[in-house]
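All residue numbers refer to positions in the sequence shown, counting from 1.
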Amino acid sequence: MDTLQQEGGELEWKESARWVKFEEKVEEGGERWSKPHVSTLTLHSLFELRTCLQTGSILLDLEGYSLPQIIVDRQIADGLIPPDLKEKISFVLLRKHRHQTKKPIHRSLADIGKSSNTTNLSRSTSSASGIHRSTEDLRSRQSSSLGQPQCNMPQRGISTHTLPPAACLCFFLQLKNKFMKKIPRDAEASNVLIGEVDFLDKPFVSFVRLAQATTLGGLTEVPVPTRFLFILLGPHGKTKSYNEIGRAIATLMVDDLFSDVAYRARDRDDLIAGVDEFLDEVIVLPPGEWDPKIRIEPPKKVPSAEMRKSVLNLNELGQMNGSAGGAAGGEDEELPAPHELGEELKFTGRFAGGLWLDMKRKLPWYCSDIYDGFHIQSISAVLFIYLGCITNAITFGGLLGDATDNYQGVMESFLGTALAGTVFCVFGGQPLIILSSTGPILIFEKLLYEFSKNNDIDYMELRLWIGIHSCLQCFLLVITDASYIIKYMTRFTEEGFSSLISFIFISDAIKKMVGAFKYYPINRGFKPDYITAYKCECIAPDQGESSDSVFLSFNLTDMDWSQLSKKECVKYGGTLVGNSCKYVPDLALMSFILFFGTYSMTVSLKKFKFSRYFPTKLRNLIGDFAIIISILVFCGLDRLLELDTPKLHVPTEIKPTRLDRGWLVMPFGKNPWWWYVASFVPALLVTILIFMDQQISAVIVNRKENKLKKGCGYHLDLFWVGVLMAVCSFMGLPWYVAATVISIAHIDSLKMESESSAPGEQPQFLGVREQRLTGILVFVMTGLSIFLAPILQYIPMPVLYGVFLYMGVASLSGIQFWERIKLYLMPAKHQPDFSFLRHVPLRRVHLFTLVQIVCLAVLWILKSTFLAIIFPVMILGLMVVRKLLDVIFSQHDLAWLDDILPDKDKKKKEDEKRKMKEKKTAETESDEEVREMSTNMKLNTRSDAVVSVPSR
């Protein structure tokens, strides 16, 4: 918006405000633009604007040449101004424009007017094709035009001509303006000119829409093509009123609904109707309850144009801002979006129909799954997930070694992770899923080994047949489209399972750190004042005691025992004497610093993306590499202090952990033949566990909130998990299934946001970078970790435990269950404005949360005891509990707190159809009665009888 001002005795248009999405004002005192803020308009200015559109001239679809003359001539033709004012108004409109830039641009409409007077006004298609129709065209022309000695600027209806060097410089300065990066592609400008003149006695108003967007020289701060012009000139004395009207039309032009009306308007009435629609949505703030000087910060999220177009949502909007009553007619307000998992889980009824559809759905995207991974964000994701995977592999490998007497250990865990993960990422239906060994599988392996040991059964052979049966059972589930039952898993089941896995990650990380205090206890008895009393000496052993020992080869009397180290003293049979011999440095405290420091720094750097410091690109880069930066910082700190903190130990040779086993397990020869059949029973438990763990994790990854566009493949995923079950069983490697927490972390590390957003507008979440490359690289690097052992040995384990803690905590974000738990600790007036709190009583919300907490506690107890073998069945039990909740809660409450089950949704729709049918039948009968009554009245009237109305 430009206002007419007098500078040095001359009139000029000076930029006073601009809108891309929100308003920015020129702060003349600070010579800068203000922070973007929500425009606060007076209701009176909107009514005055409506009056201006009613009385002023409306020029639609004009050509972009000789604009000032056309506008003034139209006003004269309509009798709005006398002809003698033509020259004066044209003179004012052609004044130069000064913008709020470091190097002011003095290009004006006058230059365009002069050019148009001295050039041929040819309207050929060749010149029209050179119009700057969008900012995308301008950006593409920038690289080719810079550096040329002359500047060609084609205009609508004007032959291509050469501008003077000064104009070229101005145009290039416009292109270099950083503000260009904030403007969306294909944007078109609306220019508002407001001013006071002494030769008018009534306002001069004109609204212009050009037929094609045209770059009008320096009229705009940046070379964005202009499509709309609003001009308001009036007599002196109403400066504030004119400015408010200008702000009102500028605010309307950035409104999605009104701008759509402005583009489609056929006449004046359409524009006025658009203003009326805008007024219908205007919310008035009482003047005595807020300070108009306060600038309202832009909201993090604004309603979309589609939502505002819906009448139901407009009613909802009114209730949110304080309407007194509920629904007027007793009808329930609009329910949230129904629980939909997409066509991937539709029952086909054909042999392997779901698997075939998954392959058809994913095959067209396969090439893009590779080249979409070539992005700098993928580097951060690969390093982050890689460290999480190797930590998981080492942790579970060590636990498996303890549970199975080293039949499976860290080496098998590394190779199995690399093999299974790479195959799944190359061929799987959802490559964003990360495979890993999980806690329930570890418990099953432990129980199976103990059972085999107690009954003299070969563990590896029995495990092989269980894996084969489980593979065949997975194939059976795939060909029968059994994944169809996943649609009965609502948010209740998903949140219960994902919360359990998240808490397991958090508790395991904390347990590891607590264990460090046992290995490296804190020296509470150390007193600095008695430092002189602390000593530890190595005493030589008696010759008689060591006569039969290996130390006879040494001359013990010639050794200086006081100079030996602690390890050497024990090695040679000496005795440590002194009150400081058991001294252990406070490594536990240092380990805790590394652990909590890695976690807290990662959280802080992730939030740094939304801070006010540094340019946006740098903030985004720091946010993407937050975990890697934190790991490098605290690894460097540990290396700088040179403390003997526990380090990451990776195998250096490719060989089985247990030397009496090979890399291939034979299926026959060690167990009785009937075990080959009986293993079907334990395999059924494994299959249930695999199926539930894999598919629930897949549902969480494929949530609609993640805006995945390439589809998913539940059946294809389960098929490859079954294949890998058999392969890993033959090779004696651990079994692998989708890891919920690491998969969620993988999703979070690949989230994309809009790069160019309007000033004040929050970056919009665009979706996830869907590709296979990051997963493939993670698992290939996991397999190569054996060769990276000299580098990986410098990573302290507490740092990796901090990464574990971060993954567990981060996976809880966005879970409604976790948000509802926090409501227990908040007074009602301080509770967040959640949508479900507006529609469901708080006591019902607490009751629903309590049921989830009880279910989670039961699952936690089961997985921590010998009953963990039935853990897969208990996950199915969550679905049964959810079914029972239909008795306790209404469908309305469940729609907001959870999701309506598919059968209930179907039943509800059938009830609605039945009611509509009954209503139509009743209306038909009513119409027939009315017609019959009308007929009776006519007949009785014609026979001069008394008019009778039949009654029911």
Given D270 and R264, is the side-chain contact (heavy atoms from CB on, under 4.5 Å) satisfied, shown in steps? CA-CA 8 Å; D270 290 343; R264 299 171 183 268; over 6 Å; no

On a heavy-atom basis, which atom in E188 and which in A213 lie closest, and how many Å separate them? OE2-CB, 3.4 Å

Cation over ring, R95 on F91, under 6.0 Å and within 45°? yes

Determine whether a donor-acceptor pair (N or O, by modelled atom type, separation under 3.5 Å) exists between the side chain of Q377 and the backbone of K751. yes

Check the angle between the aromatic planes of Y263 and F228 and answer parallel, tilted or perpendicular using the 30° and 60° thresholds. perpendicular

Quick one: OG1 on T3 to CG on L232, what's the gap to the nearest 0.5 Å? 12.0 Å

Would a distance-only check, ignoring hydrogens and angles, find a side-chain to backbone donor-acceptor pair under 3.5 Å from T51 to F47? yes

Atom pair CG/OH of L4 and Y242 - distance to nearest 0.5 Å: 12.0 Å

Spacing of R619 atom CZ and I622 atom CD1 [to the nearest 0.5 Å]: 9.5 Å

Applying the side chain to side chain donor-acceptor pair (under 3.5 Å) test to D2, which of R18, H97, K14 qualifies? H97

Indicate the atoms forming the closest heavy-atom contact of W19 with S39, along with that distance. NE1-OG, 2.9 Å

Non-hydrogen side-chain atoms of S190 and F230 separated by less than 4.5 Å: no

Contact summary for H37 and S34, nearest pair of heavy atoms: CE1-OG, 3.7 Å

Is there a donor in the side chain of E196 and an acceptor in the side chain of T239, or the other way round, less than 3.5 Å apart? yes

Nearest 0.5 Å, please: how far is CD1 in I89 from CG in L233? 6.5 Å

Do W33 and V26 pass the side-chain contact (heavy atoms from CB on, under 4.5 Å) test, and can you show the C-alpha distance, the side-chain angles, and the key distance before you say yes or no? CA-CA 5 Å; W33 286 105; V26 173; 3.4 Å; yes

Intermediate values then yes/no, side-chain contact (heavy atoms from CB on, under 4.5 Å), L11 and Q5: CA-CA 6 Å; L11 290 176; Q5 296 184 10; over 6 Å; no

Specify the closest pair of heavy atoms between M1 and R247, including all atoms of both residues, with the distance to one decimal. SD-N, 3.7 Å

Taking R268 for the side chain and L53 for the main chain, is one N or O donor matched with an acceptor at less than 3.5 Å? yes

Please lay out, stage by stage, how V92 and F204 fare under the test side-chain contact (heavy atoms from CB on, under 4.5 Å). CA-CA 12 Å; V92 171; F204 171 93; over 6 Å; no

Atom CG in L271, atom CG in D276: separation rounded to 0.5 Å? 11.0 Å

In this structure, CD of E24 is separated from NZ of K21 (nearest 0.5 Å) by 14.0 Å

Closest non-hydrogen atoms of V38 and E297, given as atom of the first, atom of the second and distance, are CG2-O, 3.8 Å

When you compare the side chain of I194 with that of N243, does any pair of heavy atoms fall below 4.5 Å? yes

For R227 against A211, the heavy-atom pair lying closest together: NH2-O, 3.5 Å

